[in-house]
Structures are given as C-alpha cells and as structure tokens.
Engineer: 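Structure in structure tokens, see below.
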Amino acid sequence: MARYNVPLFSRLYQLKQHLESLITQALEKLQEQQEITMVEKPFVHIERTRDTRHGDFACNIAMSLAKTAGCNPRQLASQIINHLPASDRIKNVAIAGPGFINFFLNDNIYQSIVTDILTQASGFGRSEHGQGQSILVEFVSANPTGPLHIGHGRGAAYGAVISNLLESAGYKVDREYYINDAGRQMDILAVSILLRYLELCGDPVPFPEKGYQGSYIVAIARDLYAEHGMKFHISLDGLVAQGWIDREPETQLDELIRYALDKLGTADFRTVLDSGLNQILAGIRKDLEEFGVTFDTWFSERSLSEGQGLQHYLAILKQHGHAYEDNGALWFRSSAFGDEKDRVLIRENGQPTYFASDITYHMSKFERGYTKAIDLWGADHHGYIARVKAAIQALGKTPDVLDILLVQFASLYRGKEKVQMSTRSGEFVTLEQLRAEVGKDAARFFYVMRRCEQHLEFDLELAKSQSNDNPVYYIQYAHARICSVLRQMREKGYAYNQEEAFANLGLLSEVHEQRLLATLARYPDIVQLSALSYEPHQIGYYLRELANDFHTYYNTHQFLVESGPLRNVRLSLSLATRQVIRNGLAILGVSAPEEM
RNA sequence: GCGCCUGUAGUUCAACUGGAUAGAACACCGGCCUUCGAAGCCGGGGGUUGCGGGUUCAAGUCCUGCCAGGCGCGCCA
C-alpha cells in the first residue's frame with residue numbers, strides 16, 4: 001500500500017513546525033560556536049508522544065546526529081536544549097530515555113481548539129490538501145447477476161468512506177459503479193431466466209449446474225411471464241435431442257445460449273436479458289441507497305462497445321509495438337510492463353476480452369478529466385492488477401494515477417459459530433439480510449473497522465448487542481449523552497452562553513479537560529492521514545478514544561455547576577466533542593442519535 | 001511450482017508509517033449509582049510481535065531465508 005509523507009495544516013502541524021524551527025535554530029547556533037560540526041543539513045523530525053509522561057512532543061534529533069557529531073546523544077540533547085530560543089508555548093523541555101528531547105507545552109495551548117471546532121462546525125477537520133483535484137472512486141461494481149452479498153457490502157462501505165475522507169481532504173470526488181452488462185455472464189443470466197420462464201410455461205428442462213440458481217431468478221421469470229405471457233416460449237426439444245443434458249457444465253451453457261439466441265432472435269433474447277438486468281440492477285441500487293451508499297455515475301460496459309474507444313486504443317498499442325497477433329488472436333505485450341505474461345485483447349473468434357474493454361474503461365476515466373482513479377476490488381482479483389497497470393502505462397500514463405485497493409473477504413460469525421456460505425448453490429447471506437439483522441449503523445461501522453487487506457470477521461451477535469461490547473453504541477452513546485446534558489441544562493433553567501465560554505477557556509485546566517482538548521486537536525490530522533493512506537479504520541479507532549476521553553471526563557466532573565463561566569466553558573468543551581463525533585460519524589456514514 | 005496478502009495478549013484487532021515500558025476491546029478478577037443517562041467510569045492479571053539471520057543509536061515496522069494460513073496463476077468476468 002502506498003505510504004505518504006503527509007503535509008498537515010492543523011493546529012498540531014503548526015506546533016510541530018514551531019518546535020522544528022526552534023531545534024533548527026539551536027543547531028545553527030551550536031554550529032556557529034563550533035560545538036558541533038554537521039556535514040549536511042539534518043532532517044528535524046518532531047512527533048507527538050504516545051505517553052503523556054514524555055510531554056506533548058518529542059524530537060529524536062540528538063540520537064540521529066550523535067554518531068556523525070561524535071558525541072553521546074544525551075549530551076548532545078542537553079547542548080541543544082541550552083541553545084533553544086525562548087518560546088511562550090513551552091512550559092518545560094527535558095531529556096529522556098536514550099536522548100529524546102521532550103517538549104511540555106503550556107496548558108493553554110489547546111484551549112482555543114474549542115473555538116476552532118464550534119466556529120467551523122461541520123467544516124472542522126476538512127482541509128484543502130487536495131486543492132480540488134478530481135478523483136474517481138470506483139467501487140462495488142458487482143456483476144448484475146444477483147443481489148449483493150456481504151462481501152460486496154464491505155466494498156460498498158469501504159468505498160463510500162474513502163470517498164468521504166478524500167472529500168474532507170479537499171478533493172473533488174466522484175463515485176462510480178461499473179456495470180458489467182456485457183459478455184457471457186449476462187448471457188448466462190438470460191438463459192437462467194429463460195429456463196425458469198419455460199418452467200412456468202409448463203415446459204420444464206433440467207436446470208444446468210452452472211446457471212444462476214437463486215430464487216430471485218424465478219421471481220424475474222414470473223414477472224416476465226406475467227407481462228409477456230407465452231411470448232418467449234421456445235421448445236428446447238432440438239437441444240435435448242442432441243444430448244445436451246449430458247454435456248460438460250460449461251459447454252452445456254454455451255450450447256444453450258447459442259440455441260436460445262437462434263430460436264428467440266437477438267431482440268427477444270435481449271428483452272429477456274434486460275428484464276433480468278434491469279430488475280437486479282434496480283434491486284442493487286435500492287439496497288445500496290438504503291445502506292447510505294450512492295453513486296454519481298453508473299457506467300455501463302455496453303456503452304463502451306458502442307463507441308470507438310477500443311479501436312482507438314488498440315491502434316495506439318499496435319503503433320507502439322505493444323500489441324501483436326499470434327494464433328489468430330491479438331495480444332498485449334504486458335510482460336514488457338511487469339506482468340507475468342502477455343494477455344489476449346481480441347480472441348480468435350473476433351470478440352474482445354473483458355480485459356480489452358477494461359482498458360477502454362480505465363482510459364475513459366482519464367479522458368473524462370480525472371487526475372486520479374481509485375479502484376476497489378475483491379481480493380480474488382489481485383492477479384489482474386499487473387495487467388491493468390501495464391495497459392495504462394503502455395498508453396502513456398504513469399502507474400500511480402491508478403490506485404487499486406483490494407478488499408479482503410468478510411466471514412460471518414454468530415458468536416463463536418461461523419455462518420456457512422456457499423456461492424455455488426446460491427445460498428449466501430445478502431447485504432440486505434445483514435442490514436435487516438444488525439442495522440445500517442453497525443454494519444457500516446464494522447465493515448470499516450479493519451484495514452482493507454485484513455480479513456474481516458463480522459460477528460453478528462456483537463454488532464447487534466446494545467452494550468459496551470459494541471463500539472458503535474459506545475460512540476453514539478457519548479453523543480447522546482452530550483445531547484442529554486443540554487436537555488438537562490434547559491430543564492434546570494440555564495441557557496448556554498458561548499461568549500462567556502470563549503472568554504473563559506482558561507478554566508479548562510483539569511487533567512481530563514486537557515486530555516480531551518488534546519484529543520480533539522488531533523482530529524484534522526487523523527482525517528487527513530486516513531484519507532491519504534486510505535485507512536478508514538483510523539477514524540473508528542479515533543472516535544472510540546474520543547468517546548472514552550469524554551465518558552471519563554463526564555464521570556469525574558459536573559458540567560451543570562452554579563458558576564456561569566465554569567458551566568459554560570465545560571458545556572462548550574462538550575459541544576465541541578459532540579461536533580467532532582458528528583463529523584467523524586458522518587464520514588463513516590453512521591448516524592449520531594440525540595437519544596438512544 | 002510462481003506471484004500477491006496475512007501472521008501481534010485466551011479471542012478480535014491497533015500501534016502516528018523506524019522511536020521510549022508493544023496498546024485497546026471482548027473474556028476473567030476487584031471497586032464506583034441519593035449528584036448532568038451505569039449503553040458509563042476506575043483498578044488488576046495476561047506478550048519470546050510465527051521462527052532464524054541481517055541493517056540501524058533504535059525493528060512489530062526495513063532486507064533476507066524458512067514455517068503456517070488465505071487468494072490468484074483462462075482466448076471467464
């Protein structure tokens with residue numbers, strides 16, 4: 001996975017910059033006084049500490065310079081500290097461990113984050129990092145041959161959250177679903193429907209093993225029959241007479257497709273096919289909408305074959321010697337771009353491969369003006385990455401304009417027990433069933449709780465449980481609790497006075513308040529980091545931590561106190577917390593209820 | 001056989017992208033409701049980061065060799 005050196009523009013970033021410049025100044029002074037000699041300008045790295053005992057920020061410069069400077073790190077650290085310029089933001093500086101320089105900041109340093117959050121509201125955490133650059137995120141793109149299952153659900157949730165994250169980071173994001181409405185799978189769908197339809201016509205034949213077995217096919221056939229009656233009734237006697245029933249599974253389908261096309265004619269065959277396609281697609285769309293996942297474009301594979309795109313790109317590939325003919329087929333020399341072997345573009349029978357239209361499709365993304373494309377694929381497609389990247393390179397793009405994220409499979413558990421699924425018989429748990437059982441919020445949250453390359457174990461019992469076992473409720477509870485405090489406030493006859501709060505931020509001096517403030521201040525960095533590294537789980541973990549800080553604070557201190565300044569300032573901190581929880585949950589597509 | 005991914009507490013996972021004593025949750029043990037929601041809080045035990053080498057002041061993180069699991073290796077999509 002791509003890792004990024006992330007420039008940040010938040011309050012924390014400014015603090016880091018400040019400390020960095022202090023260190024640099026100290027080093028320059030040391031060099032002037034010839035206390036140390038440096039060959040080249042050192043890279044000063046400031047990082048947040050994990051442990052509050054180590055202060056707020058730490059610098060490792062003394063350790064990385066010790067060797068070239070020829071002295072021991074702790075001694076060097078002390079020299080650096082002695083030459084640090086004065087700063088009103090620093091309370092204390094200390095040497096620790098093997099030579100870390102630890103910075104302890106003044107208590108008031110984070111207090112104004114409350115003002116930032118409450119004035120920026122839903123905009124808090126957003127940045128302009130992407131500078132409006134446009135990105136196309138393509139995800140789900142499940143074949144429209146049946147309802148979405150729980151594996152697709154993960155891709156849907158993941159893609160939606162990554163899109164939200166990138167928007168928050170200042171990119172212009174479009175979400176796209178690529179509809180594989182062309183090719184053999186569609187034909188198999190058509191004949192599967194046709195056979196069920198013929199059963200309704202009173203003319204049943206054995207159903208092929210590799211046809212689509214799901215009951216939704218029967219439902220589609222029923223609608224077709226209701227609308228068109230016997231219009232598509234054909235006799236399969238001729239096919240059966242040729243010994244069709246005993247053929248190999250794949251040839252069985254091919255013969256059936258050929259026979260049906262011949263008997264029905266392309267127009268009627270297409271009508272049968274489209275009746276299934278449209279119905280299934282409508283179902284998928286509704287399913288995703290109810291899951292809070294929407295797309296800007298639904299891009300049809302068929303529409304590609306109607307244009308000249310493929311011919312255009314094939315011509316370019318040939319022109320540059322990247323395509324050649326062999327055994328009657330047209331091949332792409334992908335091995336020249338790091339793929340294991342060359343790939344067929346046009347089959348011996350003249351039909352383009354799926355890969356060929358995929359090249360056209362991916363190039364269309366850049367033709368449409370996107371500077372970057374992100375694909376989310378099921379992990380079983382990883383062998384396909386090399387050839388697609390090879391293709392866009394051969395067509396003049398750098399490989400990094402396309403990022404492909406592999407989403408590992410999800411397996412379902414009911415407590416300890418694994419829920420068995422078999423795609424072969426068509427008995428898999430659908431996304432719709434999952435949503436019905438655990439609800440949208442839990443499903444969305446659980447799906448993005450793990451890094452995408454991590455296999456997900458989805459525990460239905462846990463997702464359903466309304467207890468502290470369940471991180472979704474834990475975070476939502478913090479939000480509801482804050483809302484409840486405000487209700488209590490009104491009942492007690494108080495009104496929140498923000499002016500008074502902002503004038504008294506200095507009162508936020510308790511340990512728990514300081515901790516909460518520091519956590520809140522991290523939010524913009526977390527958003528940007530998880531956006532640029534495509535790691536939504538960081539938001540979930542962060543929100544859990546934030547909720548924990550709040551619950552702890554809540555349990556230790558009373559907010560609705562008599563003193564106006566203290567009451568209002570504590571309420572402002574609570575409101576700021578509520579705002580950040582809302583913003584974070586919004587990115588995840590999880591609701592923030594006012595009461596539970 | 002080759003390629004990609006994964007391996008961290010009993011379990012499910014983090015680890016600020018090379019930093020300090022590897023952290024959470026669940027489970028287990030013990031405390032906290034007359035006070036803004038106990039769907040909460042506080043404390044405790046629990047680890048040879050799959051194994052072995054190497055690079056580095058510093059390795060769960062980088063390199064390398066094994067071991068185990070998953071996925072892929074079509075003129076299917």
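Please read these numbers as outputs of a predicted model, since none were measured by experiment. Below, all heavy atoms of this structure are taken into account, side chains as well, without hydrogens, waters or symmetry copies. Throughout, protein chains are lettered first and strands after them, A, B, ... in sequence-line order, and every chain is numbered starting at 1.
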Engineer: Confirm from the modelled atom types if H382(A) and C71(B) form a donor-acceptor pair under 3.5 Å, side chain to base only.
Structural biologist: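 In this structure, the two groups form a donor-acceptor pair.
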Engineer: Distance only, no hydrogens: is a donor on one side chain within 3.5 Å (strictly under) of an acceptor on the other, for Q528(A) and Y13(A)?
Structural biologist: no
Engineer: What's the closest nucleotide to the side chain of S533(A) if the choices are G19(B), U17(B), A15(B)?
Structural biologist: U17(B)
Engineer: For C36(B), does OP1 or OP2 lie under 4.0 Å from any side-chain N or O of R567(A)?
Structural biologist: no
Engineer: Using distance alone, with no hydrogens and no angle criterion, decide if T145(A) and Q185(A) have a side-chain donor and acceptor under 3.5 Å apart.
Structural biologist: no
Engineer: Using a heavy-atom cut-off of under 4.0 Å over every strand shown, decide if N102(A) touches base, sugar-phosphate, or nothing.
Structural biologist: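 The residue N102(A) makes base contact.
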Engineer: Would you say Y542(A) places a side-chain N or O within less than 4.0 Å of OP1 or OP2 belonging to A15(B)?
Structural biologist: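 For Y542(A), the contact criterion (side-chain N or O under 4.0 Å from OP1 or OP2 of A15(B)) is not met.
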Engineer: Checking all strands, does H551(A) fall into the base, sugar-phosphate, or nothing category for heavy-atom contacts under 4.0 angstrom?
Structural biologist: sugar-phosphate
Engineer: Base, sugar-phosphate, or nothing for T49(A), non-hydrogen atoms under 4.0 angstrom?
Structural biologist: base
Engineer: When we call it a touch if two heavy atoms are under 4.0 Å apart, what does H455(A) touch: a base, just sugar-phosphate, or nothing?
Structural biologist: sugar-phosphate
Engineer: Taking only the side-chain heavy atoms of Q558(A) (C-beta and beyond), determine which of A15(B), C36(B), C5(B) contains the nearest atom.
Structural biologist: C36(B)
Engineer: Could you state the atom-to-atom distance from CG of N555(A) to P of G31(B) in whole Å?
Structural biologist: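 Rounded to the whole Å, the gap is 18 Å.
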Engineer: Please list every donor-acceptor pair under 3.5 Å in which a side-chain atom of residues 377-391 of chain A meets a protein atom from a residue at least two apart or in another chain.
Structural biologist:
unit_1	atom_1	unit_2	atom_2	d
W377(A)	NE1	D375(A)	OD2	3.4
Y384(A)	OH	D358(A)	OD2	3.3
K389(A)	NZ	P399(A)	O	3.0
K389(A)	NZ	L402(A)	O	2.8

Engineer: Give the dot-bracket line for RNA chain B from 5' end to 3' end: parentheses for intra-strand Watson-Crick or G-U pairs under 3.5 Å, square brackets for crossings, | for inter-strand pairing, dots for unpaired.
Structural biologist: (((((((..((((.....[...)))).(((((.......))))).....(((((..]....))))))))))))....
Engineer: Who passes salt bridge (charged side-chain N to carboxylate O under 4.0 Å, His left out) against R487(A), sequence neighbours left out?
Structural biologist: none
Engineer: Nearest whole angstrom, please: distance from the C1' of G7(B) to the CZ of R450(A).
Structural biologist: 15 Å
Engineer: Could you tell me whether Y384(A) contacts a base, only the sugar-phosphate backbone, or nothing, with contacts defined as non-hydrogen atoms closer than 4.0 Å?
Structural biologist: base
Engineer: Give the B/S/- string for nucleotides 54-62 of chain B, one per nucleotide from 5' to 3', where a protein heavy atom under 4.0 Å of the base yields B, of only the sugar-phosphate yields S, and otherwise -.
Structural biologist: ---B-----
Engineer: Assign N548(A) to base, sugar-phosphate, or nothing according to its heavy-atom contacts below 4.0 angstrom with the strands shown.
Structural biologist: sugar-phosphate
Engineer: Tell me the interatomic distance from H557(A), atom NE2, to C36(B), atom C1', rounded to whole angstroms.
Structural biologist: 14 Å
Engineer: Kindly state each residue pair satisfying salt bridge (charged side-chain N to carboxylate O under 4.0 Å, His left out) with at least one member in residues 549-563 of chain A, sequence neighbours excluded.
Structural biologist: R515(A)-D549(A)
Engineer: Could I get the full list of salt bridge (charged side-chain N to carboxylate O under 4.0 Å, His left out) partners for R53(A), not counting sequence neighbours?
Structural biologist: D51(A)
Engineer: Counting only side-chain heavy atoms from C-beta out, which of A77(B), C5(B), A14(B) sits nearest to Q408(A)?
Structural biologist: C5(B)
Engineer: With sequence neighbours left out, write down each residue that passes side-chain hydrogen bond (donor to acceptor under 3.5 Å, both in side chains) with S364(A), or none if nothing qualifies.
Structural biologist: R368(A)
Engineer: Please tabulate, for side-chain N and O atoms in residues 58-66 of chain A, each donor-acceptor pair with protein atoms closer than 3.5 Å (sequence neighbours left out).
Structural biologist:
unit_1	atom_1	unit_2	atom_2	d
S64(A)	OG	I61(A)	O	3.1

Engineer: Separation of L529(A) atom CG from U17(B) atom C1', in whole Å?
Structural biologist: 8 Å
Engineer: Is H381(A) stacked on the base of A77(B), meaning ring centres closer than 5.5 Å and planes within 30 degrees of each other?
Structural biologist: yes
Engineer: My understanding is that only residues two or more places apart in sequence, or in another chain, count here; which of them pass side chain to side chain contact (heavy atoms under 4.5 Å, CB included) with S168(A)?
Structural biologist: R126(A), V527(A), I587(A)
Engineer: Whole angstroms only, please: what is the CD-C1' distance between E594(A) and A39(B)?
Structural biologist: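 After rounding, the reported distance stands at 17 Å.
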Engineer: Base, sugar-phosphate, or nothing: which does A58(A) touch, judged by heavy atoms less than 4.0 Å apart?
Structural biologist: base
Engineer: Excluding sequence neighbours, so at least two apart, what forms ring pair (Phe, Tyr, Trp, His ring centres under 6.0 Å) with Y447(A)?
Structural biologist: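 F458(A).
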Engineer: Taking OP1 and OP2 of C75(B), is either one under 4.0 Å from a side-chain nitrogen or oxygen of R387(A)?
Structural biologist: no
Engineer: Let me know, please, whether E301(A) or A379(A) comes out on the 5' side of the other along RNA chain B by nearest nucleotide.
Structural biologist: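 Result: A379(A).
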Engineer: If you look at every strand shown and take non-hydrogen atoms under 4.0 Å, does S484(A) touch a base, only sugar-phosphate, or nothing?
Structural biologist: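 The answer is base, as S484(A) lies within the cut-off (heavy atoms under 4.0 Å) of a base atom.
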Engineer: Across the strands shown, which category fits E348(A) at heavy-atom distances under 4.0 angstrom: base, sugar-phosphate, nothing?
Structural biologist: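 It contacts base atoms.
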Engineer: How would you label the contact of Q454(A) with the nucleic acid (heavy atoms, under 4.0 Å): base, sugar-phosphate, or nothing?
Structural biologist: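 The residue Q454(A) makes sugar-phosphate contact but no base contact.
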Engineer: Can you list, by residue number, the residues of residues 333-341 of chain A that have a non-hydrogen atom closer than 4.0 angstrom to RNA chain B?
Structural biologist: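 Within residues 333-341 of chain A, the residues near RNA chain B are E340(A), K341(A).
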Engineer: Are Y474(A) and N548(A) linked by a side-chain donor-acceptor pair shorter than 3.5 Å?
Structural biologist: yes
Engineer: Tell me every residue that passes ring pair (Phe, Tyr, Trp, His ring centres under 6.0 Å) with Y554(A), counting only those two or more places apart in sequence or in another chain.
Structural biologist: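 Y554(A) satisfies ring pair (Phe, Tyr, Trp, His ring centres under 6.0 Å) with F559(A) once adjacent residues are dropped.
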Engineer: Just by distance, no angles: are the side chains of Y541(A) and E545(A) close enough, under 3.5 Å, to form a donor-acceptor pair?
Structural biologist: no
Engineer: Are side-chain N/O atoms of Y553(A) and E513(A) paired as donor and acceptor at under 3.5 Å?
Structural biologist: yes
Engineer: Mind checking if R53(A) touches a base, just sugar-phosphate, or nothing, with heavy atoms under 4.0 Å?
Structural biologist: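 Base, at least one base atom sits under 4.0 Å.
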Engineer: Hey, does the side chain of T353(A) come within less than 4.0 Å of C76(B)'s phosphate (OP1/OP2), counting only N and O?
Structural biologist: no
